[in-house]
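In the text below, chain A, chain B and the rest are named by the order of the sequence lines, each starting its count at 1. Just so it is clear, the values below take in all heavy atoms, side chains as well, and ignore hydrogens, waters and symmetry mates.
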Number of protein chains: 2
Amino acid sequence: MFQRYSRQREVVYGILSATDTHPTAEWIYFEAKKVLPNISLATVYRNLRELVAADMAKVVLTKDAKEHFDADVSQHCHFVCESCGKVFDVKTKFDQSAQGVEEEGFVVEKCDVVFFGKCNNCSEIH
Amino acid sequence: MFQRYSRQREVVYGILSATDTHPTAEWIYFEAKKVLPNISLATVYRNLRELVAADMAKVVLTKDAKEHFDADVSQHCHFVCESCGKVFDVKTKFDQSAQGVEEEGFVVEKCDVVFFGKCNNCSEIH
DNA sequence: ATTATAATGATAATCATTATCAATAAGGAT
DNA sequence: ATCCTTATTGATAATGATTATCATTATAAT
C-alpha cells in the first residue's frame, strides 16, 4: 500500500487519530500546516484517500457536502447535529448481523449508521 | 411550501415516485425530458431540493459523489452494491428508538442506515 | 554516492450542485 | 376573458469540494 515513508502522511494520520471531531480535509490541512507549513492541500486529500483505502480511516457522510474523516475504523455509529454541524461518536453498539439483511440476498461488508438531530448542547440552548 | 402548481414538478415527482431505483438528479432529468423536452436540469435539481424540504422525498448518500433520491419517505434502510452501484431498499425494519442513542444526550430526529456489499446479482457472477 | 521512482507541491481540471436573472406562466382580481 | 403580480422556469454562469497533472523532491535500495 504505502511503499515509502512520508512525513506528511505521518502528520496527517497523527492529526486525524488524535481527534474525535471527525474533521474535514480542510481542517486537517490547516492543522498540518502548523507542523509542516509547506504541506499542500492536495497532499492532505491524497493521503486521506490512501488511508481510507488502507482501512486506516473512514469517511463519514454528513450531508454538509464535505467528507468527514475518522481514524476509528471500528464498527460504530455517528450522530450529526443539524444545528451546529458537529459529528459525534455514538457509544451504543449496533449489531449489523442482527439486522437480518443478509437474508434478503445481500452480502454485507460494512454498514453506516448516522443519526441526525440536536446534540446535548444545542438542545439546551434551543 | 409550493405556492403554485407546475407541470415540471408534477413530472419530476411522478418519475421519482414511480421507481424504486433511487435515481440521481441527472437520470430523472433524462426521464423528464421524454415528457417535457424543454425541461432544464436546474429545474429538476430545484424541484428535488424542494421536495426534500417538503418531506416528499429524501436523499440517499452512497459514496459515489452523487445524491440519490427516494420518494419513499418512510423509515427504511438502504443497501448499496459496491460492484454495480445500485441502491436497494432493505425490507428489514430498523427500530431507531431501540438503539439507545437518546440516552447519550442526543435528540434524534432521523436516522440513515446504509449497508454496503454485493447485491444478489453481483455476488453470483463473482 | 547513485539511482529508480514514490510522494509531494502547485495548480489546473472536473463535476455535481447552486445561484443568477430575464422570460414565462399560474391563478387571483377585475 | 383580460390584466396583473410574482412564483417558477430555462439557460447558463458560478461555486466549491475533490481529483488529475506534472515537474520537482526525497525515500530507500543498490
Rounded to whole angstroms, how far apart are [atom1] on [X] and [atom2] on [N]?
| X | N | atom1 | atom2 | value |
| --- | --- | --- | --- | --- |
| B/Tyr45 | D/dA14 | OH | C1' | 15 Å |
| B/Tyr29 | D/dT12 | OH | P | 11 Å |
| A/His68 | D/dT18 | NE2 | C1' | 14 Å |
| B/Lys33 | D/dG10 | NZ | C1' | 11 Å |
| A/Arg9 | C/dA6 | CZ | C1' | 9 Å |
| A/Ile28 | D/dA17 | CD1 | C1' | 14 Å |
| A/Leu61 | D/dT18 | CG | C1' | 13 Å |
| A/Phe2 | D/dA28 | CZ | P | 13 Å |

Closest-nucleotide mapping onto DNA chain C: is B/Glu26 or A/Leu36 further toward the 5' terminus? I mean the 5' end.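 Of the two residues, A/Leu36 wins.
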Of A/Met1 and B/Phe69, whose closest DNA chain C nucleotide lies nearer the 5' terminus?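 The 5'-side residue here is A/Met1.
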Heavy-atom closest pair, residues [X] and [Y]:
| X | Y | result |
| --- | --- | --- |
| B/Val80 | B/Val114 | CG2-CG1, 3.6 Å |
| A/Val87 | A/His22 | O-ND1, 3.0 Å |
| B/Ile15 | B/Ile28 | CD1-O, 4.0 Å |
| A/Lys58 | A/His76 | CE-CE1, 4.1 Å |

Produce a footprint string for nucleotides 20-27 of chain D: one letter per nucleotide, 5' end first; B if the base is under 4.0 Å from any protein heavy atom, S if only the sugar-phosphate is, - if neither. BB----BB
Tell me whether the side-chain N/O atoms of [X] come closer than 4.0 Å to OP1 or OP2 in [N].
| X | N | value |
| --- | --- | --- |
| A/Gln8 | C/dG9 | yes |
| A/Ser40 | C/dT8 | no |
| B/Asn47 | D/dT9 | yes |

Using five pairs at each end of the helix from C/dA1-D/dT30 to C/dT30-D/dA1 to define an axis, what is the angle between those two axes, to 10°? 30°
Report yes or no: does [X] contribute a side-chain atom to a donor-acceptor pair with the main-chain N or O of [Y] at less than 3.5 Å?
| X | Y | answer |
| --- | --- | --- |
| A/Glu104 | B/Lys91 | yes |
| B/Thr19 | B/Leu16 | no |
| A/Glu82 | A/Phe116 | no |

Would you check if A/Val44 and A/Ile39 make a side-chain contact, meaning some heavy-atom pair closer than 4.5 Å? yes
Could you check whether A/Glu67 gets within reach of a base, just the sugar-phosphate, or nothing at all, counting any heavy atom under 4.0 Å? sugar-phosphate
For B/Phe106 together with A/Phe88, are the ring centres under 6.0 Å from each other? yes
